[in-house]
Every structure is written in structure tokens, then in C-alpha cells.
> 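Below is a structure I'd like to ask you about.
A, B, ... follow the sequence lines: proteins, then strands. Residue 1 opens every chain. Every value quoted in this text rests on a predicted model; they were computed, and no experiment measured them. These numbers come from the heavy atoms of this one structure, side chains and all, not from hydrogens, waters or symmetry mates.
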2 protein chains.
Amino acid sequence: MAKTAQNPVKSAETTFEVLDALKDLDGAGVTELAQHLDIPKSTVHNYLSTLEQEEYVVNRDGVYEVGLRFLELGAYARHREKLFEIAKPEVDRLAEETGELANILVEEHGRGSYLYRARGDKAVQVKAHVGTRVPLHTTALGKAILAHMPTERVDAIVDRHGLGGEASNSISSRAELEQALADVRERGVAFDDEERLEGLRCVAAPVLNHDDEIIGAISVSGPTNRFRGDRFREELPQKVLEVANVIELNVTYS
Amino acid sequence: MAKTAQNPVKSAETTFEVLDALKDLDGAGVTELAQHLDIPKSTVHNYLSTLEQEEYVVNRDGVYEVGLRFLELGAYARHREKLFEIAKPEVDRLAEETGELANILVEEHGRGSYLYRARGDKAVQVKAHVGTRVPLHTTALGKAILAHMPTERVDAIVDRHGLGGEASNSISSRAELEQALADVRERGVAFDDEERLEGLRCVAAPVLNHDDEIIGAISVSGPTNRFRGDRFREELPQKVLEVANVIELNVTYS
DNA sequence: CGCTCTGTCCCAGATGTTTGAACAACTGTT
DNA sequence: AACAGTTGTTCAAACATCTGGGACAGAGCG
């Protein structure tokens, strides 16, 4: 179901392959990149010098690196999301009041993109940065989103990306997923019990607009030892829901 | 002095022209983009469909928009800057303690890129987001950086970008610049008195590594009515310098 | 000094890109 | 309900451009 372009511009594809490689290798020289991509040195050099000229890539004494111009584009893309502007202060508050890690996720191209991440004073250290993309069915945030999408969109997403699980507790069949989504709809919140990362639990709530369309989700994550019993099942869900409701109100009137 | 690629990949250039236009127009359809770029519709369509396939662009009911995948690249590029990781918590503190807007800027391709921006409770509203790029000589942050660069690099930057001023108080000749930079070196901090934005003042301090090479600058900005007298000339400079020193220490030991 | 790495440059041949024109799908109007 | 004026999309031929091997200069090292 992933749309493939009829007349793809191959050089554009190559351009992003180069950038992706530059990111994966965390900076590299021409030769190293060429080997990694299995493309002639001279070709890689042409791309890199073009990217440098356009100021999208930096050459720091022999090593090419992804440039900050992408921060410009990325920050712009984030700013364009209504949800970010509105939810950020509320999620900051959520992080402060719980002391944990609070997040905002939106769907794009059938995957989840972390828009923002606020750290409370006890917040766990997590590798994933803002901008990281994750499969929707493997996180509480993603399930909160899927649960409020029209079935046909859920189908399309599952067709496109599959249900590859990253950890043990993960959902692996369409039936399991449907059951999980029904749970989420009933409770109003979604849980994640070490499904994606060991030792990490998460409580997420959907954010809907005034037409009841899903526009994203917010959550609180933390270590299993602080996320259990009443706090995990009652306190935190209520807190997250309350914040989600405030955001929904602000989204409607804006 | 701007390096131009010997064998530029024109399609790569076009790709970024399309993305830039998409940003300038804040989302657009094929026809609108084609007119704006003066390129045939079919060509624009080829690029957009390729970018969509690669998930760098989103099509929201007929309107193409810059996608969040750039947030992934941008957040990565920022994370790669040592200065960001180390300075962020200190700049957060600076914003909290002063109640104003605190910033981190680094140089790239001869221009300044805002890496981070922390808002205190009285912080002014400024249009510029994270990622915004500015001419170095028009801000206190930029002057703090230029003042600690080897002369030949300053020359190269002036040759490349000129001294086009954005406002009245701005520096417009190489001699004026040199005088201003000497001032900065003497005082240790740089000031900005409504040079770039009317009604806005700014105090910035450089951040050097253990080899005395400049790696960026931090600052506090605020409205003229709160930035005057002793607070502007003594208190804030001392505060900013103190924070910059803490950051320098942390940069050295990491 | 010679060896082996780099990154850079060049040019001809192959390949991919460009392009206008034609088409289908919508929207709003008469 | 038919229509005119939009839009986005497709196609294939003409040609501009990208590719890629090889040659080169310079750096680093023993």
C-alpha cells in the first residue's frame, strides 16, 4: 500500500540515501560512504559536494556530517503541527507534576513520530530523541492513536508496515491488535507494559479534535518500579486523561 | 568564497528548491509550486511523488507539506553538537533564574544557527524558532562568536555573506566590525541594542573549548524596558558569563 | 623517500530526467 | 444536468545529466 512514485527522480532518492548513511555512520568520509552504499567514490563525492554547497551538509576537517539546516526544516515541520504548539506547555506541566518523562506523538506515513519529550526531575534516560519514528502498535501512544482511527486506515497501516514486534509482550496478530484497541477505547487510555523497552511502562491518552478525529496522543513513561499498583492503574491514567482533555479544549478553540 | 561544487548534481539542487518552496509557501499544491518555481507541473509532480514515497513530504488532502522526517534528521544534527547536550540544562537554568529568553547559537557555513531556546516566565515572544539562521554580525551571539575566531575566518565570512544590516544600529563596515569585536574581547561579553529586532536587547557570552577555540555562544534577550541600567550592564553580563564558564568546564571534561 | 591512504577532478557513454500534451477527477456555476 | 475551469496525474520521446572508471595531487606514516 506504500505509494510508489510513477516517475521517481532517482537522484533525489540517492540524495537521501547519502544523508541517511551519513546519519547511520554518524559522519563519514567519501571512501567510507562509498563502500557503505556500494556506489563509486566519484558519485558520492558529487552528491556530498552538492549538499555542502547547498549548506545541508558540513565538512569538518575531512568528515562530512549532517548539517543544522535540517534543524531549520525539522523545527518548521514541527511548528506546523497544531498539536505541538498547543500541547507543549501542558505536557511540560505533566512532566513536572509527575516527575516522569512525558511525550507527544503523531502519526505520519503510518508510523509514529515523537514531536516532543519533556523531562521531569526523576525522568528515565531513554535513547530515543525527538523525531524518532516507531511502529504504532508497539507503544501505548501508538495504540491510543490506532484505537481512534477508522478501521480502513488501521488496515492500510497494518498492510503497509506489518506487526513486527520488537519485544516479548508485543502484539503480533490482527485479532490481538483489534482486542487491544477495543480495550483502549473502553478505558480511554492505553498502557504499555515493557512492550518496546524492557523495564519501561507507559500510560497514553488520545487527543481528538472537535470532529472526533485523532490528531495525536500524549503519555507518561517511567520505570516499572514506580509504575505499578494504583499509581499505574488509577492515578496516572486520570492525570494523563485530564491533560489530554485540556489540550482538546485548546485545540477546539484555536 | 562559497565553495561551489565542480560536478553538482542538479536534481539534488532541485530537490531542495522544492522543499524550500514548500516551506516558504507553508504547504502548496503541484500547480502552485510549479508557478512559484517556474518549472513545469509534471517535473514538480515527479519530485513531490518521490519525496512522498521517501516519506520526507506529506500530502494532506491535496496539499503537500514538509514532513516530520526532517525533524528526525534535524534532531539528530543537533544532538551531534556537543555544545547542545552540555549547555541545554545550564541555559534552562539561565532562563528560569532571569525569567527571560535564553539562547544557544553555533556557527555553520558562516551563519548563526539557533540550537536551542529556553523561555523564562516573562520571556518575550519572538518569531524566530530553533533552527533559524541569522547573519552573525547582527546579533550579540554572533558577535561573541566572531570575536573569538581567527581573523582569516572572519574575513572569509564577511567576504561570503557581506555585512548587510537588518536594522538601524547595525554594523556596516569591516572597520566598525573590528572595533565591535575588540570591544567584545575586552569586556568578555557582547551586547545587542535593538540591532536586529526593535525593542529587543541581548547579552551574549562566548563558549570556548580547552584549546580556546570558539564552539558557540549563549545569551539572554529581553525587552528594552527590562534591559537597562545596572541590570543590562552589570547583573546580566555577570550571570551570562558565569553560566558560560560552567559550560566551558563541562565541555572540557567530557 | 616511497608507500598507501585519502579526496578531488575529468570526460565520454549510458541513463535518467525533463517536458508538453492529453486525461481524469473535482468544484462551483449557470 | 451539463459545463467550463480547476486540479493532479500519466506517458513517451528528446536530450540533458548523472554515472563511473581512471588519473591526479596531497597528506600521513614508516
Side-chain angles (χ1 to χ4, degrees), chain A residues 1-67 109 152 156, chain B residues 1-67 109 152 156:
Chain A
M1 200 54 196
K3 292 179 209 166
T4 83
Q6 249 59 19
N7 263 25
V9 181
K10 216 181 160 191
S11 302
E13 295 177 352
T14 314
T15 304
F16 288 108
E17 276 172 34
V18 169
L19 285 166
D20 255 24
L22 221 44
K23 179 175 163 236
D24 288 346
L25 297 173
D26 206 39
V30 176
T31 308
E32 191 183 354
L33 260 184
Q35 283 169 355
H36 188 249
L37 293 168
D38 200 34
I39 286 176
K41 273 200 308 182
S42 47
T43 303
V44 172
H45 181 260
N46 288 343
Y47 279 92
L48 286 175
S49 55
T50 307
L51 284 167
E52 187 185 15
Q53 172 189 295
E54 300 297 314
E55 306 189 354
Y56 282 98
V57 148
V58 194
N59 187 340
R60 287 187 186 161
D61 39 56
V63 178
Y64 286 93
E65 296 183 346
V66 176
H109 292 290
E152 58 270 23
Chain B
M1 202 57 196
K3 291 180 209 165
T4 83
Q6 248 59 19
N7 265 24
V9 181
K10 215 181 160 190
S11 302
E13 295 176 351
T14 314
T15 303
F16 288 109
E17 276 172 33
V18 169
L19 285 166
D20 255 23
L22 221 45
K23 177 173 164 242
D24 288 346
L25 297 174
D26 206 38
V30 175
T31 308
E32 192 183 354
L33 261 183
Q35 283 169 355
H36 188 248
L37 293 168
D38 199 34
I39 286 177
K41 274 201 304 184
S42 46
T43 304
V44 172
H45 181 260
N46 288 153
Y47 279 91
L48 286 176
S49 55
T50 307
L51 284 168
E52 189 185 13
Q53 172 189 297
E54 300 297 314
E55 305 190 355
Y56 282 98
V57 148
V58 194
N59 187 339
R60 286 187 186 161
D61 41 55
V63 178
Y64 286 93
E65 297 182 346
V66 177
H109 293 291
E152 58 269 23

> Nearest-Å distance, CD (A:E17) to P (D:dC18)?
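The distance from CD of A:E17 to P of D:dC18 comes to 16 Å, rounded to the nearest Å.
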
> Which nucleotide wins on minimum distance to the side chain of A:H45, given the candidates C:dT6, D:dT19, C:dT8?
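From the listed options, C:dT8 comes nearest.
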
> Please evaluate the base of C:dG7 for a donor-acceptor partner in the side chain of A:K41 within a cut-off of under 3.5 Å?
yes

> To the nearest 0.5 angstrom, please state how far the CG atom of A:D38 sits from the CD atom of A:E17.
11.0 Å

> Determine the contact category for B:S11: base if any of its heavy atoms lies under 4.0 Å from a base atom, sugar-phosphate if only primed atoms, P, OP1 or OP2 are that close, otherwise nothing.
sugar-phosphate

> Taking any heavy-atom pair under 4.0 Å as a contact, classify A:T43: base, sugar-phosphate, or nothing.
base

> CD of A:Q53 versus P of C:dT8: gap in Å, rounded?
14 Å

> Do the side-chain N or O atoms of B:Q6 get closer than 4.0 angstrom to the phosphate oxygens (OP1, OP2) of C:dT8?
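Answer no for this pair, as no side-chain N or O of B:Q6 is under 4.0 Å from OP1 or OP2.
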
> With sugar-phosphate meaning primed atoms plus P, OP1 and OP2, does B:S42 contact a base, only sugar-phosphate, or nothing at under 4.0 Å between heavy atoms?
base

> Whole angstroms only, please: what is the CG-P distance between B:L33 and D:dT9?
12 Å

> Are any side-chain N or O atoms of A:S11 and backbone N or O atoms of B:S11, one a donor and one an acceptor, separated by less than 3.5 Å?
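Pair absent, no side-chain N/O of A:S11 close to backbone of B:S11.
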
> Calculate the interatomic distance between B:E13 atom CD and C:dT17 atom P; express it in whole Å.
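Those two atoms, CD and P, are 14 Å apart.
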
> Minimum heavy-atom separation for B:V30 and B:K41, please, with both atom names.
CG1-O, 3.7 Å

> Select from A:A12 and A:Y64 the residue whose nearest nucleotide in DNA chain C is closer to the 5' end of that strand.
A:Y64

> State which of C:dG16, D:dT19, C:dT18 makes the closest approach to the side chain of A:K10.
C:dG16

> Whole-Å distance between D:dC18 C1' and A:L48 CG?
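In whole Å, D:dC18 C1' and A:L48 CG are 15 Å from each other.
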
> Rounded to the nearest 0.5 Å, how far apart are OG of A:S49 and OH of A:Y64?
6.5 Å

> Considering only C:dT18, C:dG7, C:dC11, which nucleotide approaches the side chain of B:N7 most closely?
C:dC11

> Rounded off to whole Å, could you give me the CD-to-C1' distance for the B:E52 and D:dG8 pair?
12 Å

> Between B:N46 and A:E32, who's closer to the 5' end of DNA chain C by nearest nucleotide?
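Mapping each residue to its closest nucleotide by heavy atoms, the 5'-most match is A:E32.
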
> Quickly work out the B:Q35 CD to D:dG8 C1' distance and round it to whole Å.
14 Å

> Can you tell me if B:Q53 uses its side chain to pair, donor with acceptor, with the backbone of A:A5 under 3.5 Å?
yes

> In whole angstrom, what separates B:I39's CD1 from C:dT19's C1'?
12 Å

